[in-house]
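Order of appearance sets the numbers: ligands from 1, and atoms from 1 within every ligand.
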Amino acid sequence: MSQSPRSPAGTVDADEVARFSALAAEWWNPAGKFGVLHKFNPVRLDYIRDHVCARFGRDPSSSRSLEGLRMLDIGCGGGLLSEPLARLGAEVVGVDPSEKNIGTARVHADGSGVPVDYRCTTAEALAQAGETFDVVLNMEVVEHVADIGLFLSECAAMVRPGGLMFVATINRTMKAYALAIVGAEYVLGWLPRGTHQWDKFVTPGELEEHLAAGGMAIADRSGVVYSPLADEWRLSRDMDVNYMLLAEKPDD
Ligand SMILES: C[S@@+](CC[C@H](N)C(=O)[O-])C[C@H]1O[C@@H](n2cnc3c(N)ncnc32)[C@H](O)[C@@H]1O
Ligand SMILES: [Mg+2]
């Protein structure tokens with residue numbers, strides 16, 4: 001049997017997934033190993049909601065502002081974003097290659113009474129099945145995949161014409177090495193050691209090239225920085241470390 005020309009190896013790096021699976025019980029503990037993601041949640045949820053509402057003509061102040069929009073949260077982990085987006089009315093498909101993560105996500109969503117369609121699968125399998133979405137979220141995932149070009153092209157293929165893709169990741173700068181690896185993993189202990197490899201960080205320019213290759217046009221760029229006084233993350237023009245890109249697929 002011939003191998004798929006699209007994906008002889010696929011997007012999954014088994015060591016990366018094993019690292020997250022080992023921590024699967026920690027997802028919903030705000031003081032645990034994923035505490036930084038909990039801290040990211042207010043700023044990234046506002047960013048996602050506001051841009052999605054602007055694109056699809058919704059009222060961002062409505063409690064069901066995302067009603068009926070089909071959203072893919074790829075690399076959803078324990079569902080820290082899937083759940084609040086589903087509460088706003090989105091039809092969320094949460095996908096992760098880790099069975100353990102999906103198990104944690106399902107148990108939590110059931111306990112909260114929030115409907116999320118969690119699946120243990122990959123971007124390439126979903127794209128192959130012809131799934132499409134109004135919005136695809138890639139939040140803190142691209143720096144953990146085996147083949148970022150393949151991963152983003154499979155994700156872009158699932159965005160409907162007129163739809164959006166969000167990507168949040170870490171820039172490949174010396175400042176990111178100092179803050180996101182030495183600072184966060186070794187000095188402050190915010191993240192387990194070995195969470196990130198500097199050479200898998202990606203510059204905004206590289207990300208934009210991958211997105212453009214997938215037919216996506218950049219619509220917004222924003223840095224995300226930590227404010228120690230407020231103990232919260234905020235949007236910023238500084239994209240040297242953490243940042244988000246928003247891309248849209250032109251209408252047919
Ligand atoms: C840092 S966590 C981010 C979780 C979630 N997106 C959030 O921001 O709260 C990265 C997640 O990506 C998943 N992951 C790793 N490799 C992946 C791949 N090739 N495709 C999809 N998800 C992947 C991991 O299992 C993990 O749950
Ligand atoms: Mg990360």
A.B. asks: With sequence neighbours left out, which residue pairs that include part of residues 39-54 fulfil the salt bridge (Lys or Arg N to Asp or Glu O under 4.0 Å) condition?
C.D. replies: K39-D231, D46-R49
A.B. asks: More than 12 foreign heavy atoms under 6.0 Å from CZ of F56: is that the case here?
C.D. replies: yes
A.B. asks: Is any side-chain heavy atom of D238 less than 4.5 Å from a side-chain heavy atom of K175?
C.D. replies: yes
A.B. asks: Locate the shortest heavy-atom distance separating L23 from P192; write the atom from each residue and the value.
C.D. replies: CD1-CG, 3.9 Å
A.B. asks: Dump the intermediate steps for side chain to side chain donor-acceptor pair (under 3.5 Å) on D220 and Y47, then the final yes or no.
C.D. replies: CA-CA 10 Å; D220 192 59; Y47 183 82; 2.6 Å; yes
A.B. asks: Looking only at atom types and distance, does a side-chain atom of E185 sit under 3.5 Å from a main-chain N or O of G194, one as donor and one as acceptor?
C.D. replies: yes
A.B. asks: Work out how many protein N, O or S atoms lie closer to the Mg ion (ligand 2) than 2.8 Å.
C.D. replies: 3
A.B. asks: Determine which pairs satisfy salt bridge (Lys or Arg N to Asp or Glu O under 4.0 Å) with at least one residue from residues 132-147, sequence neighbours left out, and list them in order.
C.D. replies: D134-R160
A.B. asks: Using the side-chain contact (heavy atoms from CB on, under 4.5 Å) rule, take V145 and V12 through it: C-alpha gap first, then chi angles, then the decisive distance, then the call.
C.D. replies: CA-CA 6 Å; V145 306; V12 174; over 6 Å; no
A.B. asks: Find all protein N or O atoms under 3.5 angstrom from an N or O atom of ligand 1 and list the pairs with distances, or write 'none'.
C.D. replies:
from	atom 1	to	atom 2	distance (Å)
ligand 1	6 (N)	G75	O	2.7
ligand 1	6 (N)	M139	O	2.8
ligand 1	8 (O)	R44	NH1	2.7
ligand 1	8 (O)	R44	NH2	3.4
ligand 1	8 (O)	M139	O	3.3
ligand 1	9 (O)	R44	NH2	3.0
ligand 1	19 (N)	T11	O	2.8
ligand 1	25 (O)	D96	OD1	2.8
ligand 1	25 (O)	D96	OD2	3.4
ligand 1	25 (O)	N101	ND2	3.2
ligand 1	27 (O)	D96	OD2	2.6
ligand 1	27 (O)	N101	ND2	3.1

A.B. asks: Check the orientation of H144 and F20. Use parallel for under 30°, tilted for 30 to 60°, and perpendicular for over 60°.
C.D. replies: perpendicular
